[in-house]
Structure formats: structure tokens, C-alpha cells
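Worksheet for the structure shown next.
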Amino acid sequence: MKYLLKNITKCLKQISFCRRLCSDVKSGSDSQRSSMVNVLSVAEKNDVAKNVANILGAGAVRVRNGLSPYNKCYEISVRHQTLGDCRMVMTSVCGHLFNYDFTSDHKKWWSCEPKSLFQAPIVQTCNDSNQRIKSTLEREAKRCQVLIIWTDCDREGENIGFEVITVCRAANPRLDIFRAHFSEITVPAINRAFNALNRPNKKVSDAVDVRQKLDLRLGAAFTRFLTLELQQMRPQMKDNKNIVSYGSCQFPTLGFVVDRFKQRENFVPQKFWSIDVHYKKDGINANFNWKRVRVFCEQSCLAVMTKVMDSPEAVVTHINTRRRSKWRPQPMDTVTFERSVSSKLKINAKKAMGIAEKLYTSGFISYPRTETNKFAPELNLTNYCQIQTASPIWGQFAQRVLTNGPNPRNGTKSDQAHPPIHPTKYAPNLSGDDKRIYELIVRHFLASLDKDAVGYETTIDICINEEFFSLSGLRIEEKNYLEIYIYDKWTDKEIPRFNQNERFIPDSIMMTDGQTTAPELLTEAQLIALMEKHGIGTDATHAEHIEKIKERHYITETPDRRLKPEGLGVGLVDGYDEIGYQMSKPNLRAALEKDLKDICDGIKNPDVVLMSQISEYEKVFNESIKHKTKLFEAVVRKL
DNA sequence: GCAAGGTC
């Protein structure tokens, strides 16, 4: 009885404390607290927890192990303007804690009709390593009165936040829960976030739930259907590795590749005609280009040509010299890294990310998964430049950057967690692709801190019997960043000197012809750009989706590193196009994104969106079954 | 055996 009373009193105290806290935070008052508040803070990854704790604790941090090896607990003392003096434990998760899956009766491929996966029950599962993290959260939550969510400030982060909340609240229902909003890990940003706590946004988290459930149901239903049906038609495909999958990101990615391939296949070359004027002066060749560039009618070109030849004297009508800059690169984010590596080093994005990961864990470079393309003022760029002066290859350049003072051409993007990719240690003993990638990162880093290249472009306009032609030359004045960034080319183009109103008879005036050429197949760098533009996948997943559709034999890479669809890829796109559903077009995913945004904005109800999306796709699924002959004939035709 | 999204 005594024990019970004590507990009730404790509970009552807690309740009144929490109420007070709520109203205080809302009103922003600054009343005194008599006792310390125990606060649990949870970030999305260990790095963030560590850095935030360091800032809030002003360097006085006690570290102890959590139950998972990667997620430490950082203990600090910190004063909050309304909570008062806090004893804070800052820990982290590793992204999502839970994953959706079907229950055992629907997990086996032959256990049910694929169609039933649209309505089958799904449950949240937690794998072993996440189970350890979950246990840490439960243990810590029991000792606290306040929980602050410090996950990344994006949609997925909000959802991860609610996973944390679910776990912590189950362990301690009396927790008062807040959300910190920050866009970078700097002293002012973190202190501001800590003193302007909000409530977590359930709507944003709900939107992610809808995406997760939808992706699982659609992915599983269509993948099983496509795989099993094709195996029936083509028993030789019965190898277990021959999965024919559908995914809301895979299909549009495939669509881009097929689209370009078809543009190329269906391309009809067009003949065109043009006029070139050539004149050699002071031993320098000058080739003037026609202002009309080219025309697609031979007769009209001939007419102009005749007119020009009638009175072929040229008059210099205009001379213009202007200063041109070639911009140094912006600090490197993941997408820039993937695209650069793919186009400049000819190493594919997936492999490059693997190498970057390795360089990161070896301490040679900063964290490679970042959306940030500006250096925070706190980052000691001088130090990182200094380290590179040891190099016999770019050491001198690094020294010059130091002498001039690092001057980054900052972009505008920032995730809240990581700086742009930059070297952190000098690495003279690397070899092979590791070495080439490290070198690219160093050169990009130093280039982004140097000055733009400067040149002067001179344009000479001439007129020959009322037709205009022009010539331009370039004189590079200062190479600056180009000296280190060997991947950018900018070359001088020498032209003769002319004077205003100067007259001359060209050495030759020629009518030329040619024909338009088909667009090239996509490069990986271009595909990543398309995916980014249409919102297919995220920075962290672009390379994975491309790799996935290679693995599925939907596309392949040509010897000159272009992406070409295989028969299966074209067949799938055609098959769905033929039965009237453009499953490979990015607009389906875009429509979902719009719905998700409406859920976040409170315009749409998540359950309604989920139900209507499921029923839309169920319709497509039923039609696929109904027209499966047509669908698979289109596929098989291309195999 | 299936998706996409986090992160180690």
C-alpha cells in the first residue's frame, strides 16, 4: 500500500510537471525549475547525435555504449530557456527502425494469389540490429520525462521520429515529446533548434506510411505476377534468379532508358544546308559561321548563296570583346559525385559509392552521402587545404589556395547532417580506382576553393551582300581552377585581328550540307539527372535503382558506357503501353508525390489516399490479368 | 524469390 501510494504521488507529480512544461513551452515563459529534467534526445544517425551533443554540451560530453555497437549514448548537462536545467542523453537510430512486411501466410510466393497482396494484412517488423537500438531507446526512455526528436528534417526523418516515439512511449507513456528543427549542425543552428522546440508532425509521417505500404503491396503483387506468368510462358526462365520485378522507381528509370532508345530507333535524319566563309589573315585561319546556322531547304540556301556570290565583298560590321568566366565547381554533394565519377572517370555510380564508403571508413574523405553543396563557415577549410600541400602533384596548388585564402563557390543546398564531400586526410598510398576517386575528390575540393577561370571572347560580325556571318575567338587570361581541375576543358581559340568597317574578299565561300543525327543513348550521368529532375528515387537510391534494372536484365551497358534497354526491358514498357497503362512514365510517381504532399499539408486524408491509390493499381492489375496474353506477347516478342 | 527508404 505504501509502495502504491508512493507511485501514485510520483505519477501525479509527473502529470502536473508535464502539463506545466507544455504550457510553458507554448507560452515561452521562463519560470524557474527546482529540479533537473531528464531529457532523451534521439537523432537519425550516430554522427548527428555526437555532433549535436557536442554543441549543446559545449564540449563536455560523457560517452557510454548503447546496446547496439554503432549507436552511442552521449550525456550532457544543458540549460533550456523553459525546461530549465536538463540532464540529457543523446542517442540515435540507424534510419528506419521498422519495415513493413506481409504475414507468414502471404510471404511464400505460392501461398496466395498475387492479387490478394493488395488487401493482405501487413505488419511492422524490426530486425536484429534494430532490436538492439530499440532496447536502448526503451531503457533510456524509462528514465526520462521529455523526449526530443532530432531526426533529419525531411519526410523520412519525420517518420523515423514517430517510430522512435512509438517505442519510447510504449516504455514510458508519460513522456512529453518535442521536435527539434534544424537545417545544419552548427552552434547557432543547434542552439536555436533546441530553444524553439515544436511538436512532431504526424501528417508528414503518415505520408511516408502511405508510400511504404503502397510500395510494398504494388512491388510484391506485380513482381510475383510478372515473374510467375513469364515463367509459365517460358519455362527456361524458371531459374530463381530470373525475377521480373516492378517497382515505382524501377519502372520509370527503365522508362527513361527505353524512351531515349526509341527516339534513336525512330529517328529520321533530315538534310540541311549551310554557308561557310573562310579567310586567312596574318597566317591565321578564320572560319565565319552563317548567322542563320543552317536551313532545311536546299533551294533557299542556294538563293542566299547566289546572292552572296554576286557581291562577295565582306564588311566588318561589329567587333565585340567581352570578359568571360568559366565557373569553378560548387562543393560536391552525392549526386554531383556520382555524375562526375561516371562521366569523368568512367566508373559507374554504384561502384563509386562503394569505394567512397571505403575511403570514408578509412578516414580519407568526409561522409559521402550528403545533399549539401555549401561549406558551413565553421568548417576549417584552411586545415583541409594544408593537409594536401604534402602532395607532389597538387601540393603547390593547395599552397596557392591557402595563400589566397579558400574561397568556396557555395551552392544553396544543405541537408542538416553532413558537409560537402571533401578530403580529410592525405592519402599517398592508394591505387587503382580508389586512387582515381580520391584524386577526383581532392581536385574538386581544391578547385571549388580557388578562383573562376577568366578569358576574353572576341566576336567579329561581317556582312556580305546583306547576309551576316560571325567568328569568335577566345583568349584565356587566367586558368585558375582549371590548373587543378583537369576534367574541365577550356581552350584558346586564336583569330586574326580585324578593324571596324574593314573590307576583304574571302578566300572561299562554300555551301555545305549535312544531316541531323539521332540522339545518343543515355549515359548514367544523364539518367541520374533525369531521375533527379522527375523526383524518381532519392540521392541515396539513384545508383541502386539503375543497378537493379541492370540486374533484372532490363538494361545493359554498351562498351562506350551508354545505357541500352534489353529486349525484356523494351517488352515490359511496350506491354503495359499496349494494354493502356503507362507504368514506365514518371507521372504516376509524380501523382503519388502530389498526394503525399497533400497529406503533409493536411489537404488529404492518408487512409483515403492509400485506398484510392491501391484501388487504382488494383484496376491496372486486374486489367493486366485480363489482357495478359497481349501483355506478355509484347514482352516475349522482344526477347 | 518481391519495393523503396533510412543507414553502418
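In what follows, every chain begins at residue 1, and chains take the letters A, B, ... in the order their sequences are listed. Please read these numbers as outputs of a predicted model, since none were measured by experiment.
If you check every strand for non-hydrogen atoms under 4.0 Å, A/Arg217 touches nothing. If you check every strand for non-hydrogen atoms under 4.0 Å, A/Asp209 touches nothing. Nucleic acid contact for A/Tyr367: sugar-phosphate only, since backbone atoms but no base atoms lie under 4.0 Å from a heavy atom of the residue. At the heavy-atom level, A/Asn99 lies under 4.0 Å from base atoms of the strands shown. At a threshold of 4.0 angstrom between heavy atoms, the contacts of A/Gly157 with the nucleic acid are absent.
Atom CG in A/Asn46 sits roughly 13 Å away from atom P in B/dT7 (whole-Å rounding). The nearest whole Å value for the distance from the CG atom in A/Asp152 to the C1' atom in B/dT7 is 10 Å. Taking atom CG of A/Asn242 as the reference point, atom P of B/dC2 lies 13 Å away to the nearest angstrom. B/dA3 atom C1' lies 12 Å from atom CG of A/Leu117, rounded to whole Å. Here B/dG5 presents its C1' atom at 17 Å from CG of A/Asp206, a figure rounded to the nearest Å. As a whole-Å value, the separation of A/Met531 CE from B/dA4 C1' is 11 Å. Straight-line distance from the CG atom of A/Asn159 to the P atom of B/dG5: 13 Å, rounded to whole Å. Computed from coordinates, the A/Glu44 CD to B/dT7 P distance equals 5 Å when rounded to whole Å.
The nucleotide whose nearest atom lies closest to any side-chain atom of A/His545 is, among B/dG5, B/dG1, B/dG6, B/dG5. Out of B/dA4, B/dC2, B/dG6, the shortest distance to the side chain of A/Ser248 is found at B/dA4. Of the candidate nucleotides B/dG5, B/dA3, B/dC8, B/dA3 has the atom nearest to the side chain of A/Asp215. Residue A/Tyr70 has its side chain nearest to B/dC8 when only B/dA3, B/dG6, B/dC8 are considered. Listed candidates were B/dC2, B/dG6, B/dG5. Nearest to the side chain of A/Ile160 is B/dG6. Of the listed nucleotides (B/dG1, B/dT7, B/dA3), B/dG1 has the atom at the smallest distance from the side chain of A/Trp110. Checking B/dA4, B/dG6, B/dG1 against the side-chain heavy atoms of A/Arg589 singles out B/dA4 as nearest. Checked against B/dT7, B/dA3, B/dG1, the side chain of A/Ile243 finds its nearest nucleotide in B/dG1. Ranking B/dT7, B/dG1, B/dG6 by closeness to the A/Asn130 side chain, first place goes to B/dG6. Minimum atom distance to the side chain of A/Arg211 is reached by B/dG5, of the listed B/dC2, B/dG5, B/dT7.
Judged by distance alone, the side chains of A/Glu163 and A/Gln124 never bring a donor and an acceptor atom under 3.5 Å apart.
Taking 4.0 Å as the cut-off between side-chain N and carboxylate O, A/Glu551 and A/Lys350 do not count as a salt-bridged pair. A/Glu633 has no carboxylate O lying under 4.0 Å from a charged side-chain N of A/Lys630, or vice versa, which leaves the two without a salt bridge. Salt bridge status for A/Asp433 with A/Arg436: present, with a side-chain N to carboxylate O gap under 4.0 Å.
Remark on DNA chain B: of its neighbouring residues A/Leu97 and A/Arg552, the 5'-side contact belongs to A/Arg552, judged by nearest-heavy-atom nucleotide. Mapped onto DNA chain B by nearest heavy atom, A/Thr227 and A/Glu357 fall at different nucleotides, with A/Thr227 at the one closer to the 5' end.
An OP1 or OP2 oxygen of B/dA3 is reached within less than 4.0 angstrom by a side-chain nitrogen or oxygen of A/Gln250. One finds no side-chain N or O of A/His106 lying less than 4.0 angstrom from the OP1 or OP2 phosphate oxygen of B/dC2. At least one side-chain nitrogen or oxygen of A/Thr541 sits closer than 4.0 Å to the OP1 or OP2 atom of B/dG5. Proximity of A/Tyr360 to the phosphate of B/dC8: no side-chain N or O atom is located under 4.0 Å from OP1 or OP2.
Taking the ring axis of A/Phe364 as reference, the NZ or CZ atom of A/Lys425 stays within 45° of it and closer than 6.0 Å to the ring centre.
When side chains are defined from C-beta on, A/Lys202 does not count as touching A/Glu158, because their heavy atoms never get closer than 4.5 Å.
A distance cut-off of 5.5 Å between ring centres, combined with a plane angle under 30°, leaves A/Tyr246 outside any stacking arrangement with the base of B/dA3.
Residues A/Pro368 and A/Met353 share a closest heavy-atom pair of O-CE, 4.1 Å.
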